[in-house]
Every structure is written in structure tokens, then in C-alpha cells.
*Asks:* 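Mind looking over this structure? Questions follow.
We number each residue from 1, following the sequence as shown. Computed from a predicted model, the values in this text were never measured in an experiment.
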Amino acid sequence: MSFPLLTATAALPAIGAVATAAVPAAKRTAAKWTALVFALATLVLAGLALARFEPGGERYQLTESHAWIKDFGVRYELGVDGIGIALMALTALLIPFVILAGWHDADPLETKSSRWRPTQGFFALILMVEAMVILSFEATDVFLFYILFEAMLIPMYFLIGGFGDRAHSGSDENAAAQRSYAAVKFLLYNLAGGLIMLAAVIGLYVVAGTFSLSEIAEARANGSLSMATGTERWLFLGFFFAFAVKAPLWPLHTWLPNAMGEATSPVAVLITAVVDKVGTFAMLRFCLQLFPEASKWATPVIVVLALISIVYGALLAVGQRDIKRLIAYASISHFGFIILGIFAMTSQGQSGATLYMVNHGISTAALMLVAGFLITRRGSRLIADYGGVQKVAPILAGTFLIGGLATLSLPGLAPFVSEFLVLVGAFSAYPAAGIVATTGIVLAALYVLVLYQRTMTGPVKAEVQGMADLKVRELAVVVPLIALLLFLGVYPKPLTEIVNPAVQHTMSDVQKKDPQPEVEAAK
């Protein structure tokens, strides 16, 4: 029996969470190092899985399959395609940076009690989220995926509600109330989506008699599984609704700005760069693969919703006064691009959407973490409280600018490649949608450059006069992310070679081919 690499990659952070939580209360530094070591070890295992993955091989590789709940046909089945392995690697890559960036975020303000262990809890919860997200990218059993899809809400709820941003303009009581509101709203929205998905999961089992993706695909291929059109469409809507909440897609997005605004900056990265990717990933793996006819049927409406997300998110980002909420609304716009690429039903669009998931994770992590360092120094999230930072902290300002330029998809940085492919795919299938989507690019340039101008340029405000530049630990967080943005911006081939075969499988699932350009015959 071969080594269960996928199980080990997900189990290691879970073990690390238990080990971190068990560190004595007074040894906060030991807890931090324990979490970081387990996160780095997980990254090594993810790198090994990536090295063993063969882009031109079987659709699902490194597979594992074991009986779990026999009476209900539930199996512990794992396997990764090019999309899953890329997002698994992204998750494992970002968590060490999240831990380093949040090194002091959970240190107690008062150390009178030796029994309260917020530091241990904070880092243990981060590792638990990592374990569940990685396993969700690996799961090829629908019921197993559903359990993970819902279970990850629990540690995220405590991370948002229990470890909020200390840079709050109101009183401590008001800050606690805002954190509680954001955490409850996050939980209720996602639970509502999950309950609707549960009904669809049960319906799928009634129709197919199994939760296994491989068995459902085999039954479709040999003609033993026939699904009525109406049934397929209802089941699709149940799955898609849950994924649209998680993604988030307009009008189910309103929990995100609250959650990202009230959470610490590392937890905000965990939300939008890691957890939310489960929603868009699941659209590709489950919606398109399980319900191909219904996916094509719903495409026109979903494309319109994606376009609204792109423009609406960007417009609200332009008008924000809070740095973190601005980045949150920008992410809503970016998720609109991802969903547009998925449902354009072209290979360029879906390849671009998958690259966008990876590149958005890296760029948003870079921008949000630098913003977090900035906010920690000043103690305010309000844009108006800054000015002239580039004169007193030039490295901080420079890294903030690069993160912002990546967010607006500047050519030469990684998000440009993915956004370009999404727009090419959208133009070839829906020219009008491609035209509307381009407005998101213009608005992105506006909100990023205005944010930089108001915070980093102009006269130096008295409150930022003595602001320190980035320290060694902070540079260790930001520099590798910027290096990745530059590398993937000029040489995306390693990523596209992994992703493209999986995209072709998805295109085959929905029986779609790329539209051929119309060329007038020479006279």
C-alpha cells in the first residue's frame, strides 16, 4: 500500500492544531513556533504531492479510497486533479505567511491570568482551518466534501468573533459588538447555504445511489444513470447556492466586508484567499461535473450575476473610507471575474478562472498583510488618518504599491495573466459580457491608485511621523509573495501546464468546445 500522501497533507495541520493548543498558557512563543513548524511541514508535503502529480496523467491522482459509512454508501475518497492540487499548494503556501504576519495579533493585552490562552487558540484554529480546506480540495466523495464544507465554519467563526482587529475607532464594547455581528452574519449566511446544499446532497444520493464522483461519472458514461432535466436543475441550484454564498457572489456577498473588516488582517487573508476559494473550486468540480445540462441552462443568469459582482464590488471599493473594507469589496469584484471565467464555458475562461484563484490568493495576501502592518502601526483602519507614509517608511509603501498594482492586474504581475484569459474567454463566448467586465479593470485602477495616493503620498501627518518601516519578520512575509507575483507574471507556464488538462476534462463534462473565430473568406 502506497503512502497516503493526501491524507498526511491534511492530517498534519490538524495534528499541529492539537499540539499548539496543548502548549502551556505561559509559553506563548513556543505555541507560535509549534504552529509555524507544522505549517512549514505541511508545505513540504504539499510540495511533494505537487512533484508527484503528472499533468498529463489520470484525471484524479494520488487517490485514496476507504469505506466509511457503509450503510449510506459514504466513502473516504480522495484525489486531486490539476485544479485541486494547485489550490491545495496555494493553501499550504499561504498559511506560514498568515502565521508569521499574525505573530503578535493574539497576544493578550493583559497577562494577569495564566489560564486564558488566546495565543494557543488563535494559531490552533488557523491550522484547523488549513486542514479542512486542504481536505476539501482533495475530497472526491460528495458527502465527505459537504462535511468539510460545513465544519470549516466553526473555527472561522471563533477566529472572526474571538480575535478581532484591535484597530477599531469605537469603544471596546462597540468593537466586541461589531466582531460578534460579523461572526454571526458569516455563520448564518454560510449555514443557510449549507443547509440548502444538504438537501441537494440527499437528492443526489436518491437519484444516483452513491456519493462517489468516480462512480457517478462511470454511471453517466455507460448510460446507467439518467437524471430528469427538472431534477438535475433543482439539484444544481442547491449546490450552486451554497457555493455562491461561500464565493461570494452578488447578492449573497454582504457577509464578506463585515467579516474581513472586523477580523485581524491574517484572518482576513484566510477568509478571502483560502476559505472562499472552496466555493469557486466546488463550482468547477461539482456543479459542472455532476450537473452539466443544468450548468449550461443557468449560465446566462450566472454570467449576469458575475458581471454585477465585478462592477458593484469595484464601485463600492472606490467609495470606501476603511482600508480593509476596500480590499474586501475589491475581492468581491475579483470573484466576479473568477465566476465569469468558469461559466463562460471556454477553455481560456476556465484556465483563467483557475489561475485567478491562485493569483488572487497571492496578491490579496500581499496587499492585506502589508495593510495590516500599516494599520497596526497607526492604530486606525481609516484612509483619512494616513498621509505621507512613503517618506517615513519607504519599504512599507513600496510593498503596498506592488500589492496594489497586482490587485489591479498590472501587466508583468501574476493576476494580469489570469484576468486576460478570463476576458478572452468571456469575449469569445459572450462579447457583451466581456465589454462590461472590462469596466472592472478601469475601476480597479481607480480604487487602488486613489488608496495609495491618500495613504502614502502628500504631506506627512503628525500621527505617522515616527512610523517604523518593515521589520525582518514582516519582510519575510511580504518579499516571497512579491517574488511569486513577479515570477508567475512573467512565466506562468508551470501553473498552466498543471491546470489546462483538468480544464479540458471539465469542458468535456459539459460537452462544450471553444467557439471558432469567424474569418471572412478572401475574395
Side-chain angles (χ1 to χ4, degrees), residues 3-23 27-53 62 80 84-107 119-138 152 155 159 163 264-270 273-275 277 358 361-362 364-366 368-370 372-373 470-485 487-488 494-495:
F3 179 71
L5 186 54
L6 296 185
T7 294
T9 306
L12 195 57
I15 296 169
V18 175
T20 302
V23 174
K27 298 185 179 296
R28 293 192 301 273
T29 302
K32 298 172 186 178
W33 280 106
T34 300
L36 182 59
V37 167
F38 273 95
L40 291 172
T42 303
L43 178 58
V44 171
L45 284 183
L48 181 58
L50 190 61
R52 290 183 56 184
F53 184 81
L62 308 175
V80 286
I85 194 75
L87 293 174
M88 185 184 81
L90 171 70
T91 302
L93 173 71
L94 291 181
I95 296 301
F97 297 123
V98 167
I99 291 173
L100 273 175
W103 201 252
H104 298 297
D105 285 359
D107 288 349
T119 304
Q120 286 84 339
F122 180 73
F123 292 106
L125 289 170
I126 289 174
L127 289 175
M128 190 56 67
V129 172
E130 178 184 20
M132 293 178 182
V133 170
I134 287 176
L135 202 56
S136 69
F137 290 140
E138 299 171 347
M152 69 180 69
L159 283 170
F163 301 92
T264 65
S265 293
V267 173
V269 170
L270 199 62
V274 177
V275 173
K277 298 300 187 299
V358 176
I362 300 170
T364 299
M368 178 61 85
L369 294 179
V370 177
F373 299 148
L470 293 184
K471 300 176 182 178
V472 174
R473 173 180 60 85
E474 296 165 333
L475 287 171
V477 172
V478 178
V479 171
L481 294 174
I482 291 176
L484 270 174
L485 290 172
F487 175 76
L488 293 175
L495 194 54

*Asks:* Tell me if the CZ atom of R52 is crowded by more than 12 foreign heavy atoms within 6.0 Å.
*Replies:*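 Count not over threshold, so no.
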*Asks:* Testing V80, I134, L62, L135 one by one against T9 for a side chain to side chain contact (heavy atoms under 4.5 Å, CB included), which residue passes?
*Replies:*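 With T9 as partner, V80, I134, L62, L135 yield a single side chain to side chain contact (heavy atoms under 4.5 Å, CB included), made by I134.
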*Asks:* Can you see which heavy atom on A476 is nearest to which on F97, and at what distance?
*Replies:*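 Scanning both residues completely, I find the closest heavy atoms to be O-CE2, 3.6 Å.
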*Asks:* Are the side chains of L488 and I362 in touch, meaning some heavy atoms are under 4.5 Å apart?
*Replies:*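 The answer is yes; the side chains approach within 4.5 Å.
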*Asks:* Nearest 0.5 Å, please: how far is CD1 in I126 from CG in D105?
*Replies:*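 Here the rounded value is 8.5 Å.
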*Asks:* Mind listing the closest non-hydrogen atom pair of M128 and A17 along with its distance?
*Replies:*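 Minimum heavy-atom contact is CE-CB, 3.8 Å.
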*Asks:* Taking atom CG of L495 and atom CG of L484, what is their separation to the nearest 0.5 Å?
*Replies:*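 Result: 10.5 Å between the selected atoms.
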*Asks:* For the residue pair K471 and F373, establish whether any side-chain heavy-atom pair is separated by less than 4.5 Å.
*Replies:*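 Sidechains of F373 and K471: no contact.
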*Asks:* For residues 3-20, pull every pair meeting salt bridge (charged side-chain N to carboxylate O under 4.0 Å, His left out), keeping only residues two or more places apart or in separate chains.
*Replies:*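 Residue pairs passing salt bridge (charged side-chain N to carboxylate O under 4.0 Å, His left out), neighbours aside: none found.
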*Asks:* Can you check whether Q120's main-chain N or O pairs, donor with acceptor, with T20's side chain at less than 3.5 Å?
*Replies:*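 Checked: no pair found.
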*Asks:* For the residue pair F163 and G121, what are the closest heavy atoms and their distance?
*Replies:*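 Closest approach of F163 to G121, heavy atoms only: CZ-C, 4.2 Å.
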*Asks:* So, taking the atom named CH2 in W103 and the one named CG in L36, what distance separates them when rounded to the nearest 0.5 Å?
*Replies:*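 Answer for the CH2-CG pair, W103 versus L36, is 5.0 Å.
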*Asks:* Using every non-hydrogen atom in the two residues, find where P266 and L369 come nearest and quote the distance to one decimal.
*Replies:*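 Reported closest heavy-atom pair: CA-CD2, 3.9 Å.
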*Asks:* What is the distance from atom CE of M368 to atom CG of L270, rounded to the nearest 0.5 Å?
*Replies:*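 Rounded to the nearest 0.5 Å, the CE-CG separation comes out at 12.0 Å.
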*Asks:* Run the side-chain contact (heavy atoms from CB on, under 4.5 Å) check on I99 and L127 step by step: do they pass?
*Replies:* CA-CA 9 Å; I99 291 173; L127 289 175; 4.2 Å; yes
*Asks:* Which donor-acceptor pairs under 3.5 Å do side chains of residues 85-96 form with protein atoms, sequence neighbours excluded?
*Replies:*
from	atom 1	to	atom 2	distance (Å)
T91	OG1	L87	O	2.9

*Asks:* Output the distance between atom NE2 (H104) and atom CZ (F122), rounded to the nearest 0.5 Å.
*Replies:*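 Rounded to the nearest 0.5 Å, the NE2-CZ separation comes out at 12.0 Å.
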*Asks:* With a 4.5 Å heavy-atom cut-off, do T34 and F38 have their side chains touching?
*Replies:*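 They are in side-chain contact.
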*Asks:* Taking all non-hydrogen atoms of both residues, which atom of V23 and which atom of A30 are closest, and how far apart?
*Replies:*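 Looking at all heavy atoms of both residues, the closest pair is CG1-CB, 4.1 Å.
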*Asks:* Please report the shortest heavy-atom distance between T7 and E138, naming the atom on each side.
*Replies:*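 Minimum heavy-atom separation between T7 and E138: N-OE1, 4.4 Å.
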